[in-house]
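A quick write-up on the structure given underneath.
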Amino acid sequence: MAGIIFKHVKKVYDKNFEIVKDFNLEIADKEFVILVGPSGCGKSTTLRMIAGLEDITSGELYIGDKLVNDVAPKDRNIAMVFQNYALYPHMTVYKNMSFGLELKKMPKPEIEERVMRVAKILDIEDYLKRKPKALSGGQRQRVALGRAMVRDPHVFLLDEPLSNLDAKLRVQMRTELIKLHKRLGTTFVYVTHDQVEAMTMGDRIVVMKSGDIMQVASAKELYEHPANLFVAGFIGSPQMNLMPAKLAKEGSGWKISFAKYSFVVKDINIDDKYDGKDVTFGIRPDYLYHDSNTDLPVIDAKVDVTEMIGAETYIYIVADGIKMTAKVPSASDVKMDQDIDLRIDTQRIHLFDKETEQSIIQR
């Protein structure tokens with residue numbers, strides 16, 4: 001098996017367009033890493049550089065302890081699963097899975113053993129004689145995975161493999177991929193633009209924007225301690241409430257003021273240089289409570305729109321002209337145009353430098 005190391009890797013297209021900028025990352029052997037970000041951020045290009053389908057403009061890329069900048073894709077011992085499955089339509093499932101092994105002149109008994117073993121793992125034994133057009137989207141995705149698995153690669157590369165599936169099947173396949181990774185014990189690098197998908201699958205998540213790495217961390221760390229304004233807004237659904245605010249030292253705490261509201265937070269570590277400065281204040285919808293039995297600071301607001309999502313309801317509010325979102329239990333029975341008091345969990349706030357957009361709370 002093998003880890004992956006990027007050292008100052010760049011990818012520049014014509015006219016000096018940098019799609020990946022000074023990319024530095026170490027992916028451990030057997031780790032499941034997610035590359036996530038908006039369209040055009042460079043995540044698929046990064047994956048294709050690992051595969052050897054894109055040349056590296058500068059920097060070094062290692063798979064295991066081997067520098068692979070100039071190594072052909074077929075010699076990297078990686079397997080890639082594409083968004084559109086890329087199955088041969090005229091071949092049966094068995095032939096789709098065995099074809100790559102046949103090209104390597106592998107003995108037929110070994111080919112059959114590998115195909116049957118993988119087909120059993122993926123529960124596609126009954127489909128081996130069918131052609132792709134006779135399969136559902138989920139079944140085709142399993143075949144695409146199977147074709148990669150029979151090669152026993154050191155690294156699996158998955159480029160938005162679930163984006164063509166319906167919502168219910170995507171949830172099911174996410175679970176199957178997590179179990180598959182644990183069973184195979186192989187390095188997985190997975191690209192998605194869906195932050196919910198990213199948060200539920202990887203050991204670590206690499207958040208990208210415009211070719212740069214914004215933060216590398218676990219899902220929990222990204223959610224609770226985003227390093228900057230971009231990660232704060234991109235990770236989480238509904239996204240974090242962000243608004244302009246002013247900071248001021250007050251005794252042993254800090255006073256945070258936004259719109260007509262202000263409150264003091266104790267036990268928070270902020271550099272004194274931010275005293276009197278404008279910042280960006282953030283609070284996740286989860287931590288605006290519709291609960292009168294706490295002593296937390298209150299904001300009064302009017303409910304604009306409500307969306308019931310099972311046991312939870314998203315309420316979109318207007319507080320002194322500022323639009324915000326809160327997540328409350330559906331049993332709260334909040335209605336449109338209702339006046340409502342919400343309490344801010346002061347231990348869950350986020351503050352960002354107005355210029356650099358970096359988090360200023362020292363952990």
Side-chain angles (χ1 to χ4, degrees), residues 34 36-38 41 192-200 202 204-210 212-247 254 256-259 261-263 265 268-270 274 277-291 296-299 301 303-307 309 312-329 334 340-363:
I34 308 282
V36 66
C41 71
T192 181
H193 67 275
D194 184 338
Q195 57 95 10
V196 174
E197 205 167 277
M199 295 287 282
T200 56
R204 284 190 303 157
I205 301 167
V206 181
V207 183
M208 296 181 64
K209 175 191 175 187
S210 302
D212 288 315
I213 294 176
M214 294 286 101
Q215 189 173 356
V216 183
S218 67
K220 180 179 174 64
E221 180 72 11
L222 290 176
Y223 192 77
E224 295 184 352
H225 305 301
N228 50 62
L229 200 58
F230 177 79
V231 176
F234 188 78
I235 296 295
S237 181
Q239 75 173 53
M240 184 185 294
N241 297 298
L242 298 165
M243 59 218 78
K246 186 177 282 291
L247 279 179
W254 286 84
I256 301 170
S257 303
F258 70 99
Y261 312 103
S262 64
F263 56 92
V265 181
I268 189 170
N269 191 7
I270 300 173
Y274 287 102
K277 293 293 181 65
D278 291 329
V279 296
T280 300
F281 163 63
I283 183 75
R284 293 205 180 275
D286 316 55
Y287 305 125
L288 289 174
Y289 304 135
H290 186 216
D291 183 356
L296 295 172
V298 178
I299 60 172
V303 178
D304 191 17
V305 177
T306 65
E307 290 181 345
I309 314 291
E312 295 174 330
T313 294
Y314 299 161
I315 58 173
Y316 301 91
I317 62 173
V318 179
D320 194 30
I322 295 176
K323 292 183 178 180
M324 302 174 69
T325 308
K327 188 190 293 184
V328 301
V334 177
I340 187 173
D341 286 343
L342 294 171
R343 296 179 182 269
I344 298 174
D345 188 336
T346 56
Q347 298 303 306
R348 302 283 190 166
I349 65 166
H350 301 270
L351 295 166
F352 303 94
D353 187 291
K354 191 175 179 181
E355 303 300 326
T356 67
E357 298 189 347
Q358 297 299 304
S359 174
I360 64 174
I361 299 176
Q362 301 168 12
R363 307 291 179 183

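The first residue in the sequence is number 1, and the count goes up from there. This one's a predicted model, so the numbers in the text were calculated from it and none came from an experiment.
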>> Go through it in stages, so that I can follow the logic: the residues are E307 and T313, the test is side chain to side chain contact (heavy atoms under 4.5 Å, CB included), and I'd like the CA-CA distance, side-chain angles, deciding distance and then a yes or no.
In response: CA-CA 5 Å; E307 290 181 345; T313 294; 5.7 Å; no
List, one per line, each side-chain donor-acceptor pair under 3.5 Å for residues 219-230, sequence neighbours excluded.
| from | atom 1 | to | atom 2 | distance (Å) |
| --- | --- | --- | --- | --- |
| K220 | NZ | E224 | OE2 | 3.0 |
| Y223 | OH | D286 | OD1 | 2.7 |
| Y223 | OH | D286 | OD2 | 3.1 |
| H225 | ND1 | R363 | NE | 3.2 |
| N228 | OD1 | F230 | N | 3.2 |
| N228 | OD1 | V231 | N | 3.0 |
| N228 | ND2 | M214 | O | 3.1 |

Atom of [X], atom of [Y] and distance for their closest heavy-atom approach:
X	Y	answer
M324	A319	SD-CB, 4.2 Å
A245	F281	CB-CB, 3.6 Å
A198	I205	O-CD1, 3.4 Å
S237	V196	CB-CG2, 4.4 Å
P238	K327	CD-CE, 3.8 Å

Please examine the side chains of [Y] and [X], heavy atoms only from C-beta on, and report whether any two atoms are closer than 4.5 Å.
X	Y	answer
P38	F234	yes
V279	D353	no
L242	F352	yes
V303	V318	no
P329	E312	no

For the [atom1] atom of [X] and the [atom2] atom of [Y], what is their distance to the nearest 0.5 Å?
X	Y	atom1	atom2	answer
I34	D194	CD1	CG	10.5 Å
I349	I344	CD1	CD1	8.5 Å
I270	K277	CD1	NZ	12.5 Å
Q215	K209	CD	NZ	13.5 Å
T280	K354	OG1	NZ	7.5 Å
T346	R348	OG1	CZ	11.0 Å

> What residue pairs, at least two apart or across chains, pass salt bridge (Lys or Arg N to Asp or Glu O under 4.0 Å) with a residue in residues 228-247?
Replying inline: K246-D278
> Could you walk me through whether L351 and W254 pass the side chain to side chain contact (heavy atoms under 4.5 Å, CB included) check?
Replying inline: CA-CA 11 Å; L351 295 166; W254 286 84; over 6 Å; no
Can you list, pair by pair, the side-chain donor-acceptor contacts under 3.5 Å of residues 355-362, counting residues two or more places apart and other chains?
| from | atom 1 | to | atom 2 | distance (Å) |
| --- | --- | --- | --- | --- |
| T356 | OG1 | Q358 | N | 3.3 |
| Q362 | OE1 | N269 | ND2 | 3.4 |

>> Using 30° and 60° as the class boundaries, would you call the ring planes of Y314 and Y316 parallel, tilted or perpendicular?
In response: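 Perpendicular: the ring planes of Y314 and Y316 meet at over 60°.
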> Within the side chain of N241, is there an N or O that forms a donor-acceptor pair under 3.5 Å with the backbone of T325?
Replying inline: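 Between the backbone of T325 and the side chain of N241 there is a qualifying donor-acceptor contact (under 3.5 Å).
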> How far apart are the C-alpha atoms of V206 and V36, what are their side-chain angles, what is the distance that settles it, and do they pass the side chain to side chain contact (heavy atoms under 4.5 Å, CB included) test?
Replying inline: CA-CA 6 Å; V206 181; V36 66; over 6 Å; no
> Quick one: is the NZ or CZ of R343 closer than 6.0 Å to the six-membered ring centre of Y289, and within 45° of its axis?
Replying inline: no
>> Evaluate I317 against L342 for side chain to side chain contact (heavy atoms under 4.5 Å, CB included), listing each step before the verdict.
In response: CA-CA 10 Å; I317 62 173; L342 294 171; 3.4 Å; yes
